[in-house]
A.B. asks: 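Sharing a structure, written as structure tokens. Questions coming.
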Amino acid sequence: MIFFTPAFRLVVTTSLLTVAVTLGQGFTAITQALTLNGAGATFPKPLYDRYFAEFSKKYPDIQVNYEGIGSGGGIKQLIAGTVDFAASDAAMNDAEIDKVKQGVLMIPTAGGAVAVIYNLPGVSGLKLSHTVLPDIFSGKITRWNDPKIAADNPGVELPDERIKPVVRADGSGTSFIFTNHLSAINDDFKTQVGATKEPKWPGNPLKGKGNPGVAALVKQTAGSIGYVEAAYTKQTNLPAASVENQKGRFVAPSIAEANTALANIKFPANFRVFEGNPADGYPITGVTWLLVYKHYDSAEKTEAVKKLIQWCLNDGQKFNNGLGYTEIPASVAQEAIETVNSGISTP
Amino acid sequence: MTNPDRAKQYLEVEHNLFQADPKNLLLEQGFTWLVRIFAFSTAGLLLWLSWIIFQDAEPAIAQFGSDFLLSQNWNVGELSFGAAPFIYGTVVSSTLALLIAVPIGLAVAIVTSENFLPVWVRSPLATLVELIAAIPSVIVGLWGIYVMIPVLQPLQLWLYKHLAWIPLFSTEPSGPSMLAAGVILAIVILPTISVISRDVLLAIPLELRNASMSLGATRWETIFKIILPASASGIVGATILALGRALGETMAVTMVIGNSAGINISLLEPAYSITSVLANEFAEALEKLHIGALMYLALILFVITLIVNLIAVLMVNIFTKKIN
Amino acid sequence: MAKSLLDKSLETELHQPLGVGRTLFSWGMTGIAFILTGMALLPLCSILLEILRQGIPNLGWEVFVSLPAPQGMTDVPNGFANALLGTILMVGIASLLSVPFGVMTGIFLSEFGKTSTIASGIRFITVILNSVPSIIAGVFAYAIVVITTHQFSAVAGGFALAVLMLPMVALTTEEALKLVPTSMRLASASLGGNSFQTTFRIVVASALPGITTGLLLAVARAAGETAPLLLTALSSQKWPDGLFSPTASMSVLIYNYANSPYPEQIQLAWTASLVLVGMVCITSILSRLFARKRSLVR
């Protein structure tokens with residue numbers, strides 16, 4: 001029969017084999033492990049990648065999958081119910097919380113500084129004061145050799161070049177932390193832009209997707225300035241500016257300074273904090289949260305989420321400093337674990 | 001064999017030939033209908049697709065109406081959306097791409113269809129250009145970020161330094177820009193133009209060329225006065241098809257355009273296109289209105305490419321009819 | 001007198017070399033055409049060279065068998081095995097969905113509808129469907145699959161790719177079937193074959209190499225698509241976990257890593273590009289082999 005020519009047989013066999021191999025792979029994965037899917041902030045992405053890799057070493061039967069799609073995206077997914085947990089570095093507001101049918105708990109996992117990174121060949125140790133930083137990002141200062149910048153940086157040779165701000169293209173908790181600080185120190189900025197995950201930037205800034213996108217754009221573009229979670233500066237060798245804090249001191253983003261800033265923050269019962277301008281330490285500092293449901297449809301998932309949170313707040317914390325994040329104070333961590341243990345259930 | 005036996009046999013055969021087996025008939029008709037159903041569902045897919053996109057765009061259409069097309073404001077926080085910067089970016093970058101790719105594509109088509117070069121050089125050359133179409137556009141984009149932009153940046157700086165009095169070059173370049181997007185789109189659509197144009201040129205009857213040459217015209221006079229006019233509708237068709245491709249191209253553009261929503265006359269300024277805003281914001285659109293606005297953008301892109309491709313297909317059909 | 005003058009002018013025109021202007025024009029245009037052709041080849045060569053230069057140093061066995069390493073962990077092997085598998089999985093789903101519809105539509109256009117108004121209508125719609133931007137297919141799959149299943153998934157990605165593959169498969173099938181000589185159909189019918197038997201045992205069977213060529217080209221295109229997968233399959237750091245969970249793919253991995261500030265991830269993006277281009281090239285070469293077989297059959 002012509003229908004069964006060798007060519008035809010070849011095609012059928014190879015395609016069947018491919019399908020069998022791929023499907024088989026997928027199905028064995030299902031039977032072997034429970035998978036938790038999460039999505040959200042890119043700010044803690046390096047940390048969570050590490051967390052979940054280490055977590056799966058300890059609990060081989062639980063796989064955790066995390067996608068960095070931005071805080072806004074994470075909250076959306078959580079509301080739509082397409083993930084098992086989300087992450088955000090802007091606390092959910094009441095309207096957003098109301099939309100989550102299964103209820104939501106916010107668990108702080110790490111703190112971090114938002115570094116102002118720049119790409120100016122030949123310039124290091126840039127200092128930016130309270131007046132200069134908001135003006136750069138609201139488009140009032142447009143050239144690097146502006147007298148206002150020069151006044152903060154005596155002796156530094158600033159080029160006669162256009163300042164190219166780089167901001168986030170996606171809804172971002174990092175943007176929230178950054179604009180929250182700028183709004184706290186500058187009233188014009190507050191009215192013009194405000195503290196939000198999706199700022200409407202004046203001018204026509206370059207936009208990168210996620211923290212990595214902003215860091216990559218700054219790295220590629222001479223004369224640019226942008227803001228990313230401090231861990232990204234460490235691994236990419238981009239210089240970070242020292243920023244003036246409430247005490248008038250110029251502070252570089254470091255774990256110690258971020259810890260100082262967070263030390264005075266009191267966490268309320270729902271762990272939601274919005275501090276725009278801490279009393280001391282590095283001023284642009286924020287907290288990042290894991291967002292978990294109050295109700296999961298299977299007991300295994302509930303247990304897995306509890307295990308995950310416990311692990312992150314106990315064993316996981318020791319990875320924070322190494323990757324450039326602050327630890328959550330032990331007392332707060334214990335409180336959070338208790339909240340999760342009593343707050344999550346299977347209906 | 002006796003005669004009646006043979007007659008009986010004939011009758012049987014006749015019966016078999018003229019009286020189709022009812023089972024066979026059923027199979028025959030069933031199969032015909034099955035094929036029809038599959039074919040209609042393929043056609044139905046386009047309708048389904050249009051309907052779904054229109055339906056999901058509905059909230060934004062109801063909210064913004066036609067103001068959407070002209071508004072420059074895109075603010076996810078305040079839920080106010082306007083498409084103007086994206087439409088502008090898509091149209092300008094695609095136009096730029098055509099301006100660059102059409103002369104180059106035509107040159108490739110002419111060089112590979114004329115006998116400047118021996119056949120063993122010519123056809124591999126044509127295949128090589130065709131190969132660009134096989135490279136996934138995300139890889140072209142990767143190359144754009146790390147090779148093209150660093151090479152293009154000095155050129156952009158030069159344009160700014162010396163030609164800043166022309167509004168098109170009036171701002172200091174940052175790297176990613178409308179110009180970069182135009183150049184990368186030109187690379188992506190080049191094979192479309194050159195391959196189709198080459199086929200069109202090769203389809204021109206030899207007699208036309210011979211007649212022109214025998215009257216004393218040089219090769220280039222023949223190309224410009226005889227061959228190109230004769231193949232005009234086909235080449236225009238190829239160009240419009242390439243335009244359709246450029247309008248819908250996503251990854252390569254997203255990676256080099258700078259993703260900054262604003263209408264700026266300067267080509268050295270970063271911009272945004274419809275496709276790149278879809279790629280960037282879809283996975284995280286939270287509000288129904290935001291999804292609606294993105295769907296509205298998708299609908300606009302869909303309608304524009306639909307019209308462009310309709311025109312292109314008609315143009316190519318006209319050319320084929322003319323040649324036949 | 002006048003006649004001899006005309007003769008003379010004709011003679012000079014025929015025997016004199018070409019005017020300077022016309023010669024210059026010829027040489028100039030030839031030069032321009034070759035320079036422009038060179039410019040067309042420049043980006044292609046640069047892309048291929050760069051992929052090889054940046055991709056090869058990292059290319060080793062481990063990239064094919066290990067998962068992407070978390071940032072900051074240097075002691076584990078770094079690779080994209082999950083993305084490779086995800087791409088194969090989603091292209092497989094897309095083929096399963098698009099081949100029956102595509103081949104049947106091709107059969108309808110070439111065997112049943114032929115030149116009828118309905119067939120030209122469907123052919124026209126298929127051509128238009130073929131030119132729908134890939135991101136629109138992604139938006140469509142998002143609305144159909146992702147919103148209803150509340151999950152980014154391999155199925156959604158496969159569905160989006162199927163929308164892109166379907167018209168290609170349909171059109172190439174029609175072309176391949178058209179090449180089968182009518183005499184073969186007549187012979188089958190005269191031996192008592194019904195339309196089902198004629199179509200599948202004779203026409204499709206002898207056009208199989210051509211259909212396979214079309215299918216492989218569609219597969220090559222689908223394997224390189226990124227935009228629709230961004231909205232439908234998202235990506236993942238882990239092995240594909242069933243068909244209804246976010247799934248990594250080569251193209252999305254390249255996109256994500258291209259926008260990364262980490263040198264080792266950019267490196268991996270180049271290596272992944274090398275592998276992806278290799279996959280696409282092998283598929284294209286396979287399709288050419290099938291095409292050659294077809295010409296031998298004829």
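Just so we're on the same page: letters track the sequence lines, and every chain starts at 1. Predicted, not measured: the structure shown is a model, and the values here were computed from it.
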A.B. asks: side-chain contact (heavy atoms from CB on, under 4.5 Å) with B/T250: which of C/I136, C/I135, C/T226?
C.D. replies: C/I135
A.B. asks: At a heavy-atom distance under 4.5 Å, which candidate from B/V140, B/L128, B/V308, B/L294 has the highest pair count against chain C?
C.D. replies: B/L128
A.B. asks: Could you tell me which of C/G224, C/G192, C/A119, C/S195 has the largest number of non-hydrogen atom pairs under 4.5 Å with chain B?
C.D. replies: C/S195
A.B. asks: C/E174 and C/S110: side-chain donor and acceptor closer than 3.5 Å?
C.D. replies: no
A.B. asks: Less than 4.5 Å to any heavy atom of chain B: does that hold for the side chain of C/L129, its backbone, both, or neither?
C.D. replies: both
A.B. asks: Without swapping roles, check the side chain of B/R245 against the backbone of C/S131 for a donor-acceptor pair under 3.5 Å.
C.D. replies: no
A.B. asks: Would the number of heavy atoms belonging to other residues, nucleotides or ligands and lying under 6.0 Å from CG of C/L286 be above 12?
C.D. replies: yes
A.B. asks: I need the residue from C/S134, C/S273, C/G138, C/A223 with the largest number of non-hydrogen atom pairs under 4.5 Å to chain B.
C.D. replies: C/S273
A.B. asks: Please state whether the side chain, the backbone, both or neither of B/F224 comes within less than 4.5 Å of a heavy atom of chain C.
C.D. replies: side chain
A.B. asks: Can you tell which part of B/I187 gets under 4.5 Å to a heavy atom of chain C, answering side chain, backbone, both or neither?
C.D. replies: side chain
A.B. asks: Indicate the atoms forming the closest heavy-atom contact of B/P136 with C/V280, along with that distance.
C.D. replies: CG-CG2, 4.4 Å
A.B. asks: At a heavy-atom distance under 4.5 Å, which candidate from B/L299, B/L117, B/N317 has the highest pair count against chain C?
C.D. replies: B/L117
A.B. asks: In terms of heavy-atom proximity below 4.5 Å to chain C, should B/S194 be classed as side chain, backbone, both, or neither?
C.D. replies: neither
A.B. asks: For C/T271 and C/Q267, indicate whether the former's side chain and the latter's backbone hold a donor-acceptor pair under 3.5 Å.
C.D. replies: yes
A.B. asks: Spell out the residues in residues 42-52 of chain C that have some non-hydrogen atom less than 4.5 Å away from a non-hydrogen atom of chain B, in order of number; otherwise answer 'none'.
C.D. replies: C/P43, C/L44, C/S46, C/I47, C/L48, C/E50, C/I51
A.B. asks: Distance alone, cut at 3.5 Å: any donor-acceptor contact between the side chains of B/T275 and B/E249?
C.D. replies: no
A.B. asks: Using non-hydrogen atoms and a 4.5 Å limit, figure out which bit of B/L49 sits close to chain C: side chain, backbone, both or neither.
C.D. replies: both
A.B. asks: If you count heavy-atom pairs under 4.5 Å with chain B, which of C/I32, C/I266, C/L234 comes out on top?
C.D. replies: C/I266
A.B. asks: Would you say the side-chain atoms of C/Q197 pair up with the backbone N or O of C/N194, donor to acceptor, closer than 3.5 Å?
C.D. replies: yes
A.B. asks: Please confirm whether the backbone N or O of C/A258 pairs with a side-chain atom of B/Y146, one donor and one acceptor, at under 3.5 Å?
C.D. replies: yes
A.B. asks: Surrounding CZ of B/F54 (heavy atoms of other residues, nucleotides or ligands, distance under 6.0 Å), is the total greater than 12?
C.D. replies: no
A.B. asks: At a 4.5 Å cut-off on heavy atoms, which part of C/P228 comes close to chain B: side chain, backbone, both, or neither?
C.D. replies: neither
A.B. asks: When you compare the side chains of B/S276 and B/S273, does any donor N or O come within less than 3.5 Å of an acceptor on the partner?
C.D. replies: yes
A.B. asks: At a heavy-atom distance under 4.5 Å, which candidate from C/V139, C/V277, C/N130 has the highest pair count against chain B?
C.D. replies: C/V139
A.B. asks: Considering only heavy atoms, which portion of B/L190 lies under 4.5 Å from any heavy atom of chain C: side chain, backbone, both, or neither?
C.D. replies: side chain
A.B. asks: Using the rule given for ring-ring contact (aromatic ring centres under 6.0 Å, His included), can you reason through C/F140 versus C/F159, listing the C-alpha separation, both sets of side-chain angles and the distance that settles it, and then say yes or no?
C.D. replies: CA-CA 9 Å; C/F140 176 55; C/F159 183 79; 5.7 Å; yes
A.B. asks: What residue pairs, at least two apart or across chains, pass side chain to side chain donor-acceptor pair (under 3.5 Å) with a residue in residues 37-50 of chain B?
C.D. replies: B/T42-C/T105
A.B. asks: Looking at C/I107, C/I128, C/V132, which makes the most heavy-atom pairs under 4.5 Å with chain B?
C.D. replies: C/I128
A.B. asks: Determine whether the side chains of C/E111 and C/T199 contain a donor N or O and an acceptor N or O closer than 3.5 Å.
C.D. replies: no
A.B. asks: State, to 0.1 Å, how close C/S251 and C/L229 come at their nearest heavy-atom pair, and which atoms those are.
C.D. replies: OG-CD1, 3.9 Å
A.B. asks: Quick check on B/I53 against chain C: is it the side chain, the backbone, both or neither that has a heavy atom closer than 4.5 Å?
C.D. replies: side chain
A.B. asks: Please classify the contact of C/Y255 with chain B as side chain, backbone, both or neither, using a heavy-atom distance under 4.5 Å.
C.D. replies: both
A.B. asks: Which bit of B/M295 is near chain C, if near means a heavy-atom gap under 4.5 Å: side chain, backbone, both or neither?
C.D. replies: side chain
A.B. asks: What part of C/A227 is in contact with chain B, defined as an atom under 4.5 angstrom from a non-hydrogen atom: side chain, backbone, both or neither?
C.D. replies: both
A.B. asks: If I measure from the heavy atoms of chain C, does B/N309 come under 4.5 Å with its side chain, its backbone, both, or neither?
C.D. replies: both
A.B. asks: Under 4.5 Å from any heavy atom of chain C, what part of B/L46 do you find: side chain, backbone, both or neither?
C.D. replies: both
A.B. asks: I'd like to verify something: which residue of C/I144, C/T30, C/I254, C/L276 has the highest number of heavy-atom pairs under 4.5 Å with chain B?
C.D. replies: C/T30
A.B. asks: Start with the C-alpha gap between B/F38 and C/F108, add the side-chain angles, then the distance that decides, and say whether ring-ring contact (aromatic ring centres under 6.0 Å, His included) holds.
C.D. replies: CA-CA 8 Å; B/F38 272 101; C/F108 176 80; over 10 Å; no
A.B. asks: Can you tell me which portion of B/T218 sits under 4.5 Å from chain C's heavy atoms? Options are side chain, backbone, both or neither.
C.D. replies: both
A.B. asks: Does any heavy atom of chain B fall under 4.5 Å from the side chain of C/I118, the backbone, both, or neither of them?
C.D. replies: side chain
A.B. asks: To check you understand the geometry: which heavy-atom pair defines the closest contact between B/G237 and B/A312, and what is its length?
C.D. replies: O-CB, 3.8 Å
A.B. asks: Could you look at B/L310 and say if it's the side chain, the backbone, both or neither that has a heavy atom under 4.5 Å from chain C?
C.D. replies: both
A.B. asks: Looking only at side-chain N and O atoms, does B/N115 offer a donor or acceptor that is under 3.5 Å from a partner on B/R219?
C.D. replies: yes
A.B. asks: For C/M39, look at atom CE and say whether over 12 heavy atoms of other residues, nucleotides or ligands are found less than 6.0 Å away.
C.D. replies: no
A.B. asks: Can you tell me which portion of B/A217 sits under 4.5 Å from chain C's heavy atoms? Options are side chain, backbone, both or neither.
C.D. replies: backbone
A.B. asks: Working to the nearest 0.5 Å, report the span between CG of C/L97 and CG of C/L166.
C.D. replies: 9.5 Å
A.B. asks: Taking every heavy-atom pair that is under 4.5 Å apart, which of B/A43, B/A133, B/G105 has the most such pairs with chain C?
C.D. replies: B/A43
A.B. asks: In terms of heavy-atom pairs under 4.5 Å, which option from B/V108, B/I139, B/L45, B/T32 contacts chain C the most?
C.D. replies: B/I139
A.B. asks: At a heavy-atom separation under 4.5 Å, does B/F31 approach chain C through its side chain, its backbone, both, or neither?
C.D. replies: side chain
A.B. asks: At a 4.5 Å cut-off on heavy atoms, which part of B/V313 comes close to chain C: side chain, backbone, both, or neither?
C.D. replies: side chain
